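As structure tokens, the structure follows; a few thoughts come after it.
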Amino acid sequence: MAFDFLKKALTKTTGALAASVDKLKTGLTKTRDVFVGGLKSLLRGRKLDQQLLDELEQRLITSDLGVKATLKIMEDLNAAWHAGKITSGDEVLDFLKAEMKGYWPVETRALKFASSGPTVILVTGINGAGKTTSIAKLGQYLKGQGKTVMVAACDTFRAAAVEQLSIWAQRIDVQIVKHQMGSDPAAVAFDACDAALARNIDVLIVDTAGRLHTQEHLMRELSKIRKVIDKRIPGAPHEVLLVLDATTGQNAIRQAEEFLKAVQVSGIFLAKLDGTAKGGIVIAIRHQLGLPVKFVGIGETPEDIEPFDPEVFVEALFAEEESQPRSP
Amino acid sequence: MFDSLQDRFGTLFRNLTGKGKISESNVRDAMKEVRTALLEADVHFDVVNQFVSDVTQKALGTEVLASVEPGQQMIKIVYDELCNLMGTAAEDSGSAARIMFVEPGPTIIMMCGLQGSGKTTTCGKLALYLKSKGKNPLLVAADLQRPAAIDQLHTLGQQTEVPVYSERENKNPVQVCRNAVDFAKKNGRDVIILDTAGRLHIDEVLMAELRAVNLQVHPHQIFLVVDAMVGQDAVNSAKAFNQQLELDGVILTKFDSDTRGGAALSVKTITGKPIKFIGVGEKLPDLEEFHPERIAQRMLGMGDILTLVEKAQAEFDETKALKLQEKMAKAQFTLDDFLEQMRTVRKMGPLKQLMGLLPGIGSALKDIELPEAELDKTEAIISSMNRKEREDPDIMDGSRRRRIAKGSGVQVEDVSRLIKGFSAARDMAKKMSGLSMGSRMKMAQAMSSMDMSKLGAGSAGLPSFGGGGQQKQSKLSPEQKRKLRQKRLRGK
């Protein structure tokens with residue numbers, strides 16, 4: 001039940017949790033101000049009635065929660081209202097928090113590592129989602145865990161993509177395997193696997209060219225890259241991450257479906273969650289796809305990466321800001 | 001593209017078609033569906049509500065014409081409102097108005113947008129477009145933030161053969177842009193395209209940088225580049241850019257995705273600025289002028305014959321066509337010609353995309369896999385033939401067929417089937433050559449100059465041109481088809 005989650009959430013707010021919450025809070029400032037801040041000023045001190053429900057529905061939809069997830073929340077809320085469990089706006093706030101946490105079943109969001117030899121992480125996504133920057137962040141994150149990291153520049157299509165990754169590799173100080181622009185990305189992946197094996201690398205992160213999920217031939221190319229990696233290192237890639245732009249609308253669902261089909265995506269890296277995005281798409285994805293969000297990107301430097309934890313995420317969203325002026 | 005919207009509108013109109021007249025209750029029910037469809041398509045919440053109330057009001061206020069089905073009348077209303085959302089006819093007055101050029105030049109165009117929206121690629125596409133219009137553009141690398149952005153622009157410059165101005169050591173975009181203007185003046189470039197850094201609209205520092213470029217370089221046109229798949233937040237970022245910079249227009253990118261058109265339908269209403277271009281593919285020529293009425297037609301599943309004709313004209317070489325026509329008339333049409341024809345058609349885009357432009361086909365096509373692979377196979381088979389075989393497929397014996405099958409990695413039956421099909425096609429071409437290629441071209445040109453808004457003026461007119469398009473797909477009369485069938489049977 002929704003209320004159990006609430007209780008659990010409240011009792012579970014430990015010191016460690018609070019630290020993560022703080023970091024996310026800074027990154028999510030805008031999201032929180034716009035989305036939850038808006039919700040708070042909408043709900044605080046008001047009596048629950050049809051008018052308020054309508055306004056709430058609008059707020060949820062404009063936050064990219066999607067029609068389906070919004071309707072589900074509104075239905076549950078309506079039921080609770082009619083049962084007399086909720087009567088005020090403040091209670092709705094608690095209800096939403098619990099409901100949002102309730103979306104995530106117990107699942108493992110930790111990266112899967114190879115039992116021996118290099119772990120391969122294949123990174124995919126549409127054009128401009130933020131793949132290369134996310135790879136830099138992921139590389140930095142893994143390095144911080146004491147792993148040796150190598151990146152493979154398999155985006156041989158877009159102008160200067162190899163240069164872009166090279167610059168990042170230099171900045172975060174990891175090795176890179178690259179070919180000429182225009183060469184076969186699967187061949188680059190194969191060579192990178194070779195190099196990772198030969199140099200005893202812990203984690204190989206494979207960058208791929210951005211592609212629209214509607215381009216069948218490009219999706220096939222991606223399947224081929226995956227196959228080639230598996231051929232060189234059986235069982236690899238151990239993780240296939242789909243990078244999604246947090247400002248994308250409901251189309252993110254379609255993207256995830258197609259990439260899932262082509263390369264069996266194992267998790268989502270939600271990029272550009274700072275700033276303007278209201279992050280509602282996280283909930284839409286969970287609601288409709290059942291794919292775990294593994295990381296969120298919340299800034300422009302390589303350090304701006306956070307393993308995703310729904311509890312922390314929701315906590316950070318709804319966290320109180322002492323200095324924040326209360327709405328009248 | 002637009003599958004979902006097409007489906008919803010399709011069901012809605014079918015439901016109404018059965019009913020005798022437009023009544024308040026059936027309109028309201030229908031509009032509820034439309035509202036959900038639009039929200040799922042990422043159309044902004046306020047825009048959706050406005051749209052729904054406008055359509056409902058118009059529908060209820062419209063006198064039901066005895067001669068017109070309510071469904072058709074409803075289509076007309078929705079079509080008009082969709083067009084209104086995306087821009088008025090006045091703004092869509094041909095390519096001349098796409099970009100205002102100043103005299104004396106150079107005309108300065110500034111591109112801005114969020115990270116990853118596709119600014120740099122669009123700069124390259126725009127440069128190529130301007131070149132095709134007889135301009136001498138200059139690309140300017142003013143994105144000094146993203147790693148390798150300068151290299152990317154230089155690569156695009158090479159591909160489009162457009163010069164690129166950059167200063168690798170300079171960290172001040174305003175200075176770079178100013179120097180670029182001087183450079184353009186000295187070197188006779190008449191249009192300057194400024195590629196600025198992507199940014200979040202809430203990033204004050206970077207927005208200030210854009211304002212500085214605007215105030216000190218005085219661009220004549222400022223375009224906002226927007227990802228067509230963007231969600232509800234599109235509104236906020238477009239608004240913010242518009243407030244800071246006073247935009248002149250919007251370019252929607254990644255329009256070849258399966259976006260349901262949310263950004264296309266919202267952005268004009270929110271900023272009041274027209275959509276000028278759409279990016280429709282990964283390659284540099286994939287930039288199209290935006291025509292609201294055509295997109296509205298596609299959303300309603302009416303196809304877009306005009307775009308199809310334009311695509312055909314762009315790839316079609318008239319002198320080649322005339323030569324081909326002669327060959328056909330004399331039944332000298334070879335497999336080489338066939339290959340070239342096939343490649344010309346395929347150059348226009350993926351089959352699915354082309355078919356989607358045909359009226360009434362779009363939504364039916366959703367789950368069908370088109371035989372792109374078959375075409376690949378055909379290309380491979382022909383490529384494995386020597387010249388003699390291509391010119392005269394009749395010489396093909398078993399050993400040749402086996403060799404070709406081996407060479408192209410197919411079965412012998414595939415080769416035989418191709419040759420049989422080709423022979424039949426060649427005979428058919430001979431028959432059809434009475435209908436000259438020239439007259440077929442003329443037909444296409446006449447269609448492209450037709451004024452679609454006039455067609456849509458009568459309330460019954462709109463659905464009718466859908467029907468007209470469908471007839472054109474079948475070029476053979478039943479008589480011709482019968483003869484062809486007989487011939488094929490005889491051939492066996």
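Order of the sequence lines sets the chain letters (A, B, ...), proteins ahead of strands, with each chain counted from 1. Here the structure is a predicted model, which is why all the values come from computation and not from measurement.
- For B:T36 against A:V67, the heavy-atom pair with the smallest separation is CG2-CG1, 3.7 Å.
- Rounding to the nearest 0.5 Å gives a distance of 6.0 Å between CD of A:E163 and OG1 of B:T155.
- The distance from atom CD of B:Q232 to atom CD of A:Q58, rounded to the nearest 0.5 Å, is 9.5 Å.
- Per-residue counts of heavy-atom pairs under 4.5 Å with chain B were compared for A:L71, A:T214, A:L165; the largest is that of A:T214.
- In this structure, CG on B:D227 lies 8.0 Å from CG on A:N251, to the nearest 0.5 angstrom.
- Side-chain contact check for B:Q115 and A:D245: no donor-acceptor pair (N or O, by modelled atom type) lies under 3.5 Å.
- Atoms CE and CZ, on B:M229 and A:R254 in that order, are 11.5 Å from each other to the nearest 0.5 Å.
- Annotation: side chain of A:L212 is not in contact with side chain of B:E282 (no heavy-atom distance under 4.5 Å).
- Residue B:N49: no heavy atom, backbone or side chain, is found under 4.5 Å from chain A.
- Between B:D151 and A:Q164, the closest side-chain pair of non-hydrogen atoms is not below 4.5 Å.
- Atom CD of A:Q50 has more than 12 heavy atoms from other residues, nucleotides or ligands within 6.0 Å.
- Shortest non-hydrogen contact noted between A:K272 and B:G116 is NZ-CA, 3.8 Å.
- With A:T62 contributing its side chain and B:F45 its backbone, the two residues share no donor-acceptor pair below 3.5 Å.
- With a threshold of 4.5 angstrom between heavy atoms, A:L218 approaches chain B through side-chain atoms but not through N, CA, C or O.
- For chain B, the nearby part of A:I167 is the side chain; its heavy atoms alone come within less than 4.5 Å.
- Expressed to the nearest 0.5 Å, how far CG of B:L39 lies from NZ of A:K68 amounts to 13.0 Å.
- When the shell of 6.0 Å around CD of A:E55 is examined, it contains more than 12 heavy atoms from other residues, nucleotides or ligands.
- Contact of A:E258 with chain B is not made at all, since no heavy-atom distance falls under 4.5 Å.
- Ranked by heavy-atom pairs under 4.5 Å with chain A, the first of B:H44, B:Q145, B:R146 is B:R146.
- Although no hydrogens or angles enter the test, the distance criterion places a donor-acceptor pair under 3.5 Å between the side chain of B:K254 and the main chain of A:N127.
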